[in-house]
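These notes are about the structure you will find just below.
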Amino acid sequence: MNVITRFAPSPTGFLHMGGVRTALFSYLYAKQNNGTFALRIEDTDKARNKTEWETALIDDLSWLGLKHDTFSRQSDRIEIYSKYIQKLIINGSAYISKEIPKEEGQRHEVIRFKNPNKVVVINDLIRGEVRVDTTDLGDFVIARSFTEPVFHLAVVVDDFEMGITHVIRAEEHLSNTPRQILILEALGAPRPVYAHLPLVLAPDKSKLSKRKHGETVSLTYYRNKGYLPESIINFVALMGWNPGTDQELFSLDELIAKFKLEKVQKGGAIFNINKLNWINREYIRKLSNHSFADHIVPFIPEWLKTNDGLFIKLLPLLRKKINAFGDLAAILSQEGELGFVKDLKSYEPDILRWKKNPDFQITQRHLLAVKKLLENLGKGDWQVPKLTTSLWPYALEHGKGDVLWPLRVALTGQERSPDPFTCANLLGKEETIRRIDIACQKILTIHPTNQ
RNA sequence: GGCCCUAUCGUCUAACGGCUAGGACAUCGCCUUUUCAAGGCGGUAAUCGGGGUUCGAUUCCCCGUAGGGUCACCA
């Protein structure tokens, strides 16, 4: 059997993480069976659809690497639905119903499905057998008019016409399935295999929604924050599925190979940003230096983009300090940990003192000694190993903390920063000396008698 | 409320009916260290409750409880 799956979003909003996972699982299942992955835009609700959403949806999916093999849009297929509506009316499965509109925009005449009031048994691949008595569904509406089909009708017709073999969708559709099966039977269409995925939940355990949880549930949010698509794919795959081994990191190809629809969890999974962050850090770590550099360019400030030398030296440091590329702006800002590479912010002279030996005089003596050692270094020697070896003996002799702490604070104006050798290297000889002078100056203004 | 689904550490989850209930994230501690991170090593932490079935239940059944989904001329 040639497997055909579909992802069928409606363009009424952004793609959220739950949708990403639904798309992923449908994609994986199709691909691992050498099948077809169809993207179908379900835009039968004219009032809510927007083409911007459709464009964004397609863009998001391609960014994730979930390429669809076929594409369709329900609004392009109105005539087809119309044909089926007529067929249903002719064979007695549906009828035109006179109505009293309850809301604005409602019709005086709609097309209702004649409910046979039977028990439908669904054999869900994930949930097993689910039995539903469709009697309480009543004669539900399948179209507002011959040219305006409603969701259920359009879905059934499309799945039939497109030869969808596996309907993989979120659990919220489980309650819709019985009525879709009723329509399908009235059409004499074969029944696809159903697999209803557990929901992706917000921390409050409710279904992800923009109204309730804001934009933090949208894929766009994470794209803009600078998460890698492979991280998102990996993370989302692990919500509701696992390989049965201890492996946590998977490429898309590995997922295609190892994914098992039957192993998908039944219960909903809460979206856990910590795990996403960890996965993304792992992927960032795997990036080549060159690739990392390319990725971060859109996220770094102008002044760094135009300073190639500094940019290159900063690369390994930046890589270790972020969850996502979007964190870079804060780290490189005036208040950030690496902001000192651009400007030395003002700081209290107090923090120049090493806590275990808080003596200004000694602090200053060490700074001056270090300055002298550094001044002897040529610009060609201004590399981290060379800087280290030139200061190390002195630091060992007088106490590493006593020497290195004041130097580091002098260079950065901060209590927390990379090591002083790295800092000196980043700043260059001239600026390093200048900042040591500034530190000494600060101490002088507090203890003028020292000299 | 009716119908449907679900239930293992805080979170994601593993465990042919037979284990000291395993892993990952988070958290905590230790090591390393001039600081912060990173890194290394360890620790704390779970089978919703009650009945069955069984020599034996996380696992199977029933009843509760809790959570969720769905009840549109939205998808």
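Residue numbering restarts at 1 for every chain, and letters A, B, ... go by the order of the sequence lines. All figures in this text were calculated on a predicted structure; none of them were measured in a lab.
For Arg112(A), counting side-chain heavy atoms from C-beta on, the closest listed nucleotide (C12(B), C73(B), U34(B)) is C73(B). Each of C12(B), C5(B), U70(B) was ranked by its minimum atom distance to the side chain of Lys207(A); first place goes to U70(B). When the nucleotides C25(B), A75(B), U34(B) are ranked by their closest atom to the side chain of Phe151(A), A75(B) comes out on top. Set against A37(B), G67(B), A7(B), the side chain of Lys266(A) has A7(B) as its closest nucleotide. The side chain of Trp354(A) approaches U35(B) more closely than any other nucleotide in the set A75(B), G39(B), U35(B). Among the nucleotides G69(B), C25(B), C4(B), the one closest to the side chain of Val132(A) is C4(B). Of all nucleotides listed (A26(B), U35(B), G68(B)), G68(B) comes nearest to the side chain of Glu171(A).
Taking the C1' atom of each, A26(B) and C9(B) are spaced 11 Å apart, rounded to whole Å. U65(B) and A24(B) are spaced 30 Å apart, taking the C1' atom of each and rounding to whole Å. With P as the reference atom, U47(B) and U59(B) are 13 Å apart, rounded to whole Å. When the P atom is used for both C12(B) and G69(B), the distance is 15 Å, rounded to whole Å. Rounded to whole Å, the P atom of A7(B) lies 14 Å from the corresponding atom of C62(B). Across the C1' atoms, A14(B) and G22(B) are found 6 Å apart, a figure rounded to whole Å. A21(B) and U58(B) have their P atoms separated by 10 Å, with the value rounded to a whole Å. Spacing between C55(B) and U13(B) at atom P, rounded to whole Å, works out to 35 Å.
For the pair Trp278(A) and C25(B), the criterion of a side-chain N or O lying under 4.0 Å from OP1 or OP2 is met. Distances shown here put every side-chain N or O of Arg48(A) at or beyond 4.0 Å from the OP1 or OP2 atom of C73(B). Residue Lys275(A) places none of its side-chain N or O atoms closer than 4.0 Å to OP1 or OP2 of C25(B). A sub-4.0 Å separation between OP1 or OP2 of U33(B) and a side-chain N or O of Arg408(A) is absent. Between Asn242(A) and A14(B) there is a side-chain polar atom (N or O) within less than 4.0 angstrom of OP1 or OP2. Contact annotation: Thr44(A) reaches the phosphate of A75(B) (side-chain N/O to OP1 or OP2, under 4.0 Å).
For the ring pair (Phe, Tyr, Trp, His ring centres under 6.0 Å) with His166(A), the lone residue among Phe37(A), Tyr27(A), Tyr29(A) that qualifies is Tyr29(A).
Contact annotation for Gly240(A): backbone-only contact, meaning every heavy-atom pair under 4.0 Å involves sugar-phosphate atoms and none involves a base. In this structure, Lys321(A) reaches the bases: a heavy-atom distance under 4.0 Å links it to at least one base atom across the strands shown. Arg40(A) comes within 4.0 angstrom of no nucleic acid atom, judged by non-hydrogen atoms across all strands. Heavy atoms of Asp133(A) sit nowhere under 4.0 angstrom from any nucleic acid atom. Among the heavy atoms of the strands, none lies under 4.0 Å from Asp43(A). Nucleic acid contact class of Gln106(A) (heavy atoms, under 4.0 Å, all strands): base. Using a 4.0 Å heavy-atom distance criterion, Gln265(A) is classed as a sugar-phosphate-only contact. Looking at heavy-atom distances under 4.0 Å, Val110(A) makes contact with a base. When heavy atoms are screened at a 4.0 angstrom cut-off, Arg169(A) is found touching no nucleic acid atom at all. Pro406(A) comes within 4.0 angstrom of nothing in the nucleic acid, heavy atoms only. Glu172(A) comes within contact range of the sugar-phosphate backbone alone, with a heavy-atom separation under 4.0 Å but no base atom that close. Heavy atoms of Glu148(A) sit nowhere under 4.0 angstrom from any nucleic acid atom.
Because its NZ or CZ atom is not both nearer than 6.0 Å to the ring centre of Tyr222(A) and within 45° of the ring axis, Lys225(A) does not count as a cation-pi partner of that residue.
If you measure from atom NZ of Lys263(A) to atom P of A15(B), you get 5 Å, rounded to the nearest angstrom. To the nearest angstrom, P of A75(B) lies 16 Å from CZ of Phe7(A). The interatomic distance linking Ile181(A) (CD1) with C4(B) (C1') rounds to 13 Å, in whole Å. If you measure from atom CZ of Arg21(A) to atom C1' of C12(B), you get 11 Å, rounded to the nearest angstrom. Whole-Å rounding puts the Asn277(A) CG to A37(B) P distance at 16 Å. Note: CD (Gln414(A)) to P (A37(B)) measures 14 Å, nearest angstrom.
U8(B) is unpaired under the criterion used here, namely a Watson-Crick or G-U wobble arrangement in which both key atom distances are under 3.5 Å. Nucleotide C3(B) forms a pair with G69(B), judged by Watson-Crick or G-U wobble geometry with both contacts under 3.5 Å. Base pairing of A46(B) is not made with any nucleotide, judged by Watson-Crick or G-U wobble geometry with both donor-acceptor distances under 3.5 Å. Pairing for C30(B) goes to G40(B), judged as Watson-Crick or G-U wobble with the two contacts each under 3.5 Å. A57(B): no Watson-Crick or G-U partner with both key distances under 3.5 Å is found in any strand. The nucleotide A14(B) finds no pairing partner, because no Watson-Crick or G-U wobble arrangement with both distances shorter than 3.5 Å includes it.
By the 30° and 60° cut-offs, the orientation of the rings of Trp354(A) relative to Trp405(A) is tilted. Taking the six-membered ring for Trp and thresholds of 30 and 60 degrees, His295(A) and Phe325(A) have nearly parallel ring planes, at less than 30 degrees apart. The aromatic rings of His173(A) and Phe151(A) sit tilted relative to each other, their planes meeting at an angle between 30° and 60°. Taking the six-membered ring where tryptophan is involved, the planes of His152(A) and Phe140(A) are perpendicular, since the angle between them exceeds 60° and thus also 30°.
Inter-residue side-chain proximity for Arg6(A) and His68(A) is flagged as unmet; no heavy-atom pair is nearer than 4.5 Å.
No side-chain donor-acceptor contact under 3.5 Å links Tyr227(A) and Asn323(A).
Between Phe25(A) and Phe259(A), the distance separating the two ring centers is shorter than 6.0 angstrom.
Sequence order on RNA chain B of the closest nucleotides to Leu238(A) and Asp246(A) puts Leu238(A) first from the 5' end. Taking for each of Phe421(A) and Gly244(A) the nucleotide of RNA chain B with the nearest heavy atom, the 5'-most of the two is the partner of Gly244(A).
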